[in-house]
Peer 1: 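Pasting a structure below so you can have a look.
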Amino acid sequence: MKNFLTSMLFISLLNFSFAQELETSSPVDEIVLFTLVEGDLRYEIRLFQNKNIKTYEIKNGEITYLGKFMNLMEVERSEPYKTLLTNERNATKTFVTDGYLGNDFYEIYIHNLFNTKKEKPIFVEVLKVEDKKSEVVSKYEKESDFNESPFAPLLRRD
């Protein structure tokens with residue numbers, strides 16, 4: 001794989017052990033894999049170049065480190081992630097992250113991430129949000145296309 005940045009967005013996370021085999025050639029140390037939402041809480045699931053997975057709680061703009069996991073299966077066995085991931089398996093799209101690029105606010109979703117039958121392709125959708133309305137501005141079916149997009153930096157964390 002050319003770039004570690006969004007490799008996780010374009011593989012099926014159902015085969016959790018595959019996540020541990022990724023190349024780590026990203027210019028950043030960590031990326032957001034996906035975000036689980038529960039009320040006003042967000043749980044960012046992040047992948048680091050050393051292949052560790054760490055979880056962070058975000059509430060009212062405050063980010064709190066919660067824990068480190070060796071793989072995604074460990075995350076899936078721990079609460080509250082276990083329950084939230086069970087809910088995500090029924091969804092057609094999963095929230096990844098959001099943020100500003102310049103003056104514009106965007107949300108990134110991945111579709112069919114937890115589709116066990118793989119009958120529908122996995123793809124990333126970027127929405128521009130303005131005045132509580134959102135519109136799709138881009139869709140990416142290929143990792144390389146997303147990596148080269150202006151939206152890729154929204155996944156990076158320092």
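A quick note: this is a predicted structure, and the numbers were derived from the prediction, not measured.
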Peer 1: Return the minimal non-hydrogen interatomic distance between Ile108 and Phe146, and the atom names on each side.
Peer 2: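 Here Ile108 and Phe146 meet closest at CD1-CZ, 4.1 Å.
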Peer 1: At their closest point, which heavy atom of Pro150 faces which heavy atom of Leu101, and how far apart are they?
Peer 2: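 Heavy-atom minimum between the residues: O-CD1, 3.2 Å.
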Peer 1: Go through the steps to decide whether Ile53 and Ile45 satisfy the test side chain to side chain contact (heavy atoms under 4.5 Å, CB included), and finish with yes or no.
Peer 2: CA-CA 7 Å; Ile53 295 169; Ile45 312 303; 3.7 Å; yes
Peer 1: Does Asn112 form a side chain to side chain contact (heavy atoms under 4.5 Å, CB included) with Phe123? I'd like the steps, not just the answer.
Peer 2: CA-CA 7 Å; Asn112 307 312; Phe123 66 93; 4.0 Å; yes
Peer 1: For the pair Asn60 (side chain) and Glu62 (backbone), establish whether a donor and an acceptor sit closer than 3.5 Å, ignoring hydrogens and angles.
Peer 2: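 Flag not set: sc Asn60 to bb Glu62 has no pair under 3.5 Å.
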Peer 1: Could you tell me if the side chain of Leu127 sits less than 4.5 Å from the side chain of Glu135, heavy atoms only?
Peer 2: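 SC-SC contact between Glu135 and Leu127 ruled out.
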Peer 1: Which pair of heavy atoms, one from Asn90 and one from Thr86, lies closest together, and at what distance?
Peer 2: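 It is ND2-O, 3.8 Å.
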Peer 1: For Tyr109, give me all partners under side chain to side chain donor-acceptor pair (under 3.5 Å), at least two apart in sequence or on another chain.
Peer 2: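 Scan of Tyr109 (side chain to side chain donor-acceptor pair (under 3.5 Å), adjacent residues dropped) gives Glu107.
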Peer 1: If I compare all heavy atoms of Val96 with all of Leu33, which pair ends up nearest, and what's the gap?
Peer 2: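 So the minimum-distance heavy-atom pair works out to CG1-O, 3.8 Å.
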Peer 1: Hey, are Arg46 and Glu30 close enough for a salt bridge, meaning a charged N less than 4.0 Å from a carboxylate O?
Peer 2: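 So Arg46 pairs with Glu30 through a salt bridge.
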Peer 1: Any chance you could measure Leu85, atom CG, to Arg89, atom CZ, to the nearest 0.5 Å?
Peer 2: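 Leu85 CG to Arg89 CZ: 6.5 Å, rounded to 0.5 Å.
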Peer 1: Under a plain distance cut-off of 3.5 Å, with no hydrogens placed, do Thr97 and Arg157 share a side-chain donor-acceptor pair?
Peer 2: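 Yes.
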Peer 1: Could you please spell out the steps behind the side chain to side chain contact (heavy atoms under 4.5 Å, CB included) verdict for Lys54 and Phe69?
Peer 2: CA-CA 6 Å; Lys54 295 183 182 179; Phe69 299 87; over 6 Å; no
Peer 1: Is there a side chain to side chain contact (heavy atoms under 4.5 Å, CB included) between Tyr106 and Asp98 once you walk through the steps?
Peer 2: CA-CA 5 Å; Tyr106 297 93; Asp98 57 15; over 6 Å; no
Peer 1: Closer than 4.0 angstrom, basic N to acidic O: yes or no for Asp145 and Lys139?
Peer 2: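 So Asp145 does not pair with Lys139 through a salt bridge.
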Peer 1: Check Asn147 against Ala152 and note the closest heavy-atom contact, atom names and distance.
Peer 2: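 That would be O-CB, 3.8 Å.
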Peer 1: Would you please indicate yes or no on a ring centroid separation below 6.0 angstrom for Tyr81 and Tyr43?
Peer 2: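 Under 6.0 Å, so yes.
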Peer 1: Hey, what do you get for CG (Leu36) to CG (Leu41), rounding to the nearest 0.5 Å?
Peer 2: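 If I round to the nearest 0.5 Å, the distance is 11.5 Å.
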Peer 1: Taking atom CD as the centre, does Glu79 end up with more than 12 heavy-atom neighbours from other residues, nucleotides or ligands that are less than 6.0 angstrom away?
Peer 2: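 Buried by this count: over 12 neighbours within 6.0 Å.
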Peer 1: If you draw a 6.0 Å radius around NZ in Lys82, do more than 12 non-hydrogen atoms from other residues or ligands fall strictly inside?
Peer 2: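 Atom NZ in Lys82 is not crowded, with 12 or fewer foreign heavy atoms closer than 6.0 Å.
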Peer 1: Hey, what else clusters with Phe105 if you join Ile, Leu, Val, Met, Phe, Trp, Tyr whenever side-chain heavy atoms sit under 4.5 Å?
Peer 2: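 Tyr100, Val129, which link up through side-chain heavy atoms under 4.5 Å apart, make up the rest of the cluster.
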Peer 1: Tell me the closest heavy-atom pair linking Val37 and Phe95, and the distance in Å.
Peer 2: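 Smallest interatomic distance, heavy atoms only, reads CG2-CD2, 4.0 Å.
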Peer 1: Atom CD in Glu44, atom CD1 in Ile63: separation rounded to 0.5 Å?
Peer 2: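 Atom-to-atom, Glu44:CD and Ile63:CD1 are 6.5 Å apart.
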Peer 1: Would you compute the distance between atom CG of Asn52 and atom NZ of Lys68 and round it to the nearest 0.5 angstrom?
Peer 2: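 Rounded to the nearest 0.5 Å, the CG-NZ separation comes out at 4.0 Å.
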Peer 1: Side chains of Val126 and Val136, heavy atoms from C-beta outward: is any pair under 4.5 Å?
Peer 2: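 Of all side-chain heavy-atom pairs linking Val136 with Val126, none is under 4.5 Å.
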Peer 1: State the CD-CD distance between Glu76 and Glu88, to the nearest 0.5 angstrom.
Peer 2: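 CD of Glu88 is found 12.0 Å from CD of Glu76.
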Peer 1: Enter the distance from Glu125:CD to Glu141:CD here, rounded to the nearest 0.5 Å.
Peer 2: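 Taking CD in Glu125 and CD in Glu141, the distance rounds to 11.5 Å.
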